[in-house]
2 protein chains.
Amino acid sequence: MTETAGPARSARATIRDVAREAGVSTSTVSRVLDERLPPSRSETAERVREVAARLGYRKDSRASALRRQQSGTIGVLVPRLSDTVMAILFESIAAAAAERQMFAIVATTADDPGSERSAVESLLDQHVDGLVLTTARPDDVVIPDLRERGIPLVLALRHDGVTSAVVGDDELGGYLATRHLLDLGHREIALVAGPPYASSAVGRVAGFTRAMTEAGIDDIDRLIHPSTFGMESGEEVGRHILSTSPRPTAVFAVNDNTAVGVLAAARAAGLSVPDQLSVVGYNDIPLAARLPVPLTTVHVPFDQIAARAVAALARLIASPDEAPPGTTTTLMPSLIPRASTAPPPGARAPR
Amino acid sequence: MTETAGPARSARATIRDVAREAGVSTSTVSRVLDERLPPSRSETAERVREVAARLGYRKDSRASALRRQQSGTIGVLVPRLSDTVMAILFESIAAAAAERQMFAIVATTADDPGSERSAVESLLDQHVDGLVLTTARPDDVVIPDLRERGIPLVLALRHDGVTSAVVGDDELGGYLATRHLLDLGHREIALVAGPPYASSAVGRVAGFTRAMTEAGIDDIDRLIHPSTFGMESGEEVGRHILSTSPRPTAVFAVNDNTAVGVLAAARAAGLSVPDQLSVVGYNDIPLAARLPVPLTTVHVPFDQIAARAVAALARLIASPDEAPPGTTTTLMPSLIPRASTAPPPGARAPR
DNA sequence: CTGTTAGCGCATTCAC
DNA sequence: GTGAATGCGCTAACAG
């Protein structure tokens with residue numbers, strides 16, 4: 001029997017264990033192990049670090065958070081994790097947070113404004129130091145409230161026009177996708193537009209409209225069909241689009257999910273892609289490249305968006321009083337041509 | 001100016017604020033608001049609740065956790081969230097946890113045993129009360145360590161043969177999928193087998209083997225091709241399978257991702273599905289039903305698995321000393337026939 | 001049922 | 001540089 005009789009299951013070493021073992025006070029240990037301070041090279045400091053390592057000491061984040069009033073945790077709000085885009089974004093945010101010794105936790109809203117408040121509260125109950133929201137709406141009522149409460153806040157993927165945000169250039173992405181189809185010779189191009197409450201969808205519509213206007217296409221609005229972001233909606237809207245007359249020779253879908261739905265509708269209608277119908281998606285999720293007909297889509301640099309969002313949030317957390325100007329950072333998308341797009345039926349290949 | 005000069009940004013009400021306002025001690029407030037105790041109907045209790053509500057009081061989970069030695073948080077370990085199966089499982093776990101007033105946090109390992117340890121430590125650093133692991137391997141070195149440390153632990157989707165686990169019946173699922181193909185008249189059925197370290201994949205292989213053996217097929221091993229769980233691997237293995245001779249008339253893929261890869265390989269080889277090649281997947285992710293050729297697959301009750309796993313974990317957390325017998329709960333999968341399977345080329349339709 | 005006292009583990013004064 | 005004292009917000013043990 002060594003030592004005194006302790007708990008049967010090895011209890012975690014505390015700061016006091018380290019202090020005793022190193023022959024110093026707990027304050028000293030606390031200071032030596034404070035990541036924010038410049039690391040001391042003194043002999044005592046070395047010894048403390050050595051003892052801490054030997055005992056496998058890890059500071060109790062709850063106690064530390066309680067005292068510091070900072071938890072080193074950030075909250076991320078997404079509509080749903082079963083949407084690969086959101087899963088990838090969260091993974092990237094978690095990785096970016098880890099690089100800064102922070103931990104990211106997540107909650108979902110199902111894109112329902114009603115559950116947004118409770119999801120945010122569940123995050124705040126975990127005492128996050130700040131939030132990354134991907135659910136912003138123009139009329140969002142939760143965000144102003146968070147602002148007033150002084151909670152550090154950054155939007156990602158969608159913006160509300162007011163709060164600091166890191167987004168892709170959706171207008172440009174929409175323009176690139178549409179130009180790609182126009183350049184192939186398409187004129188009758190339908191748009192699966194996404195929901196009006198998401199700035200990302202609205203931006204892509206704007207890019208579509210600009211490209212179509214430039215091309216001298218008339219009455220563009222008739223080509224624009226609202227949807228949600230889901231596959232089902234894509235299929236439903238796709239079915240409708242393919243039954244309109246004149247039937248479009250190409251469809252630009254607001255994201256890869258709805259594009260998959262359009263592909264399903266195309267097959268159901270007996271149309272072959274890309275021979276009879278071209279389809280462009282958005283986001284370049286891993287699936288896009290591996291669909292039976294690889295999907296032409298717009299690549300979005302999610303890891304950059306995540307890294308910038310975390311960096312911006314970290315800055316806000318560090319200096320909460322430097323009035324944040326509410327800047328929007330915009331990152332560039334790029335078109336990835338694949339097999340789902342081709343010149344319209346009966347057209348000679350361009351060039 | 002009301003009240004005393006406080007911090008500019010509304011600080012959260014503490015238990016003391018409530019106590020003062022209600023004219024009682026903090027202990028009383030603490031007891032009245034203790035969810036674990038039966039709610040008192042006394043007048044004081046009512047008043048305390050009313051004041052707490054009015055002040056918008058929320059207990060500080062860190063302080064509470066520090067004192068109680070329970071955080072009300074559980075940790076979930078998954079290979080990756082960009083795999084829809086894992087995203088859905090985590091969402092279900094988070095929902096099941098919320099029903100019990102617990103919060104679920106997640107970390108990823110990329111199915112890499114090396115990063116498993118650090119991912120688990122990051123979870124433990126957050127002071128989770130217990131863990132749900134979906135990454136178990138037969139030779140897992142982290143799990144025994146967690147056991148020794150007395151950390152409540154439940155496996156999900158994969159088991160290690162020792163630890164308590166909640167899984168789908170992979171053997172049955174594999175059998176059902178294979179029987180479906182056999183019943184359609186296929187004899188030359190290839191298996192994209194998944195990795196040997198995952199019990200889920202191994203079980204599906206066993207079900208495949210049983211069905212094939214029952215059908216009197218010889219030399220089954222030649223039909224079994226290892227893979228990972230990813231789409232790329234499915235495509236690669238699919239390409240290989242379709243170049244073997246005799247070419248299989250059907251493929252059973254270990255999951256929907258690899259099935260998508262096989263579909264891509266089939267198209268690249270100019271084979272039409274299901275006319276020239278039948279394909280069965282596993283998991284029934286939302287995509288499966290909406291692929292251009294809707295995928296026949298095996299449905300897995302992820303929300304039940306999640307609910308059972310959380311329930312089991314909650315039990316372990318509540319009574320950590322009732323030696324847990326290491327039981328495995330097995331839930332039933334079901335085959336969902338869709339358009340990707342049909343009788344083999346040249347066969348009359350059965351019946 | 002209620003209040004008093006003590007302390008979870010840590011970080012911060014403030015002296016030295 | 002270092003250590004003693006104090007308290008973050010909450011809950012447990014105890015006495016009334």
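Proteins come first, then strands; the chains are lettered A, B, ... in the order of their sequence lines, and each starts at number 1. Scope of the values below: all heavy atoms of this structure, side chains included, with no hydrogens, waters or symmetry mates.
- Considering only side-chain N and O atoms, A/Thr28 lies nowhere under 4.0 angstrom from the phosphate OP1 or OP2 of D/dG1.
- With distances taken from any side-chain atom of B/Val24 to the nucleotides C/dA11, C/dG3, C/dG9, the minimum falls on C/dG3.
- What separates OH of B/Tyr57 from P of D/dG9 is a distance of 10 Å, to the nearest Å.
- Residue B/Thr44 is in sugar-phosphate contact alone, with no base atom involved, counting any heavy-atom pair closer than 4.0 Å across all strands shown.
- Using a 4.0 Å heavy-atom criterion, one finds that A/Ser30 contacts the bases of the nucleic acid, with or without backbone contacts as well.
- The base of D/dG3 lies close enough to the side chain of A/Arg31 for a donor and an acceptor atom to sit less than 3.5 Å apart.
- With D/dA4, C/dG7, D/dG9 as the choices, the nucleotide that has an atom nearest any side-chain atom of A/Ser25 turns out to be D/dA4.
- Inspection of the B/Ser115 and B/Ser118 side chains reveals no N or O donor paired with an N or O acceptor under 3.5 Å.
- No hydrogens or angles were tested; on distance alone, nothing pairs the side chain of B/Arg62 with the base of C/dG9 as donor and acceptor under 3.5 Å.
- Distance CZ (A/Arg67) to C1' (C/dG7): 15 Å, rounded to an integer number of Å.
- In this structure, of C/dC10, C/dT2, D/dA12, it is D/dA12 that holds the atom nearest to the side chain of B/Arg36.
- We find that CG of A/Leu33 is positioned 8 Å from P of C/dA11, with the value rounded to whole Å.
- The main-chain N or O of B/Ala65 is found under 3.5 Å from a side-chain atom of A/Arg62 such that the two form a donor-acceptor pair.
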Under the criterion salt bridge (charged side-chain N to carboxylate O under 4.0 Å, His left out), I'd like the reasoning laid out for A/Arg100 against A/Glu35: C-alpha separation, chi angles, the key distance, then a yes or no.
CA-CA 11 Å; A/Arg100 295 167 186 269; A/Glu35 342 67 58; over 6 Å; no
Show your reasoning for whether side-chain hydrogen bond (donor to acceptor under 3.5 Å, both in side chains) applies to B/Thr163 and B/Asp160.
CA-CA 6 Å; B/Thr163 317; B/Asp160 66 353; 2.8 Å; yes
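- Nucleotide D/dC10 holds its P atom 12 Å from the CZ atom of B/Arg58, rounded to whole Å.
- Here D/dT11 presents its P atom at 8 Å from CD of B/Glu35, a figure rounded to the nearest Å.
- Remark: the backbone N or O of B/Ile74 is not paired with any side-chain donor or acceptor of B/Asp129 at under 3.5 angstrom.
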Show your reasoning for whether salt bridge (charged side-chain N to carboxylate O under 4.0 Å, His left out) applies to A/Arg137 and A/Asp139.
CA-CA 5 Å; A/Arg137 297 175 179 235; A/Asp139 61 336; 5.4 Å; no
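- One atom, CG of A/Asp34, and another, C1' of D/dG1, lie 15 Å apart when rounded to the nearest Å.
- In this structure, B/Gln69 atom CD and D/dA13 atom C1' are separated by 16 Å, rounded to whole Å.
- We find that CZ of B/Arg47 is positioned 15 Å from P of C/dC1, with the value rounded to whole Å.
- With C/dG3, D/dG9, C/dC10 as the candidates, the nucleotide lying closest to the side chain of B/Arg16 is D/dG9.
- If you find the closest nucleotide of DNA chain D to A/Thr26 and to B/Lys59, the one lying nearer the 5' end belongs to A/Thr26.
- Heavy-atom distances to DNA chain C give each of A/Arg68 and B/Ala45 a nearest nucleotide, and the one nearer the 5′ end belongs to B/Ala45.
- Between D/dG9, C/dG7, C/dC10, one nucleotide has an atom nearer to the side chain of A/Leu66 than all others, and that is D/dG9.
- The base of C/dT4 is paired with the side chain of B/Ser27 by a donor and an acceptor separated by under 3.5 Å.
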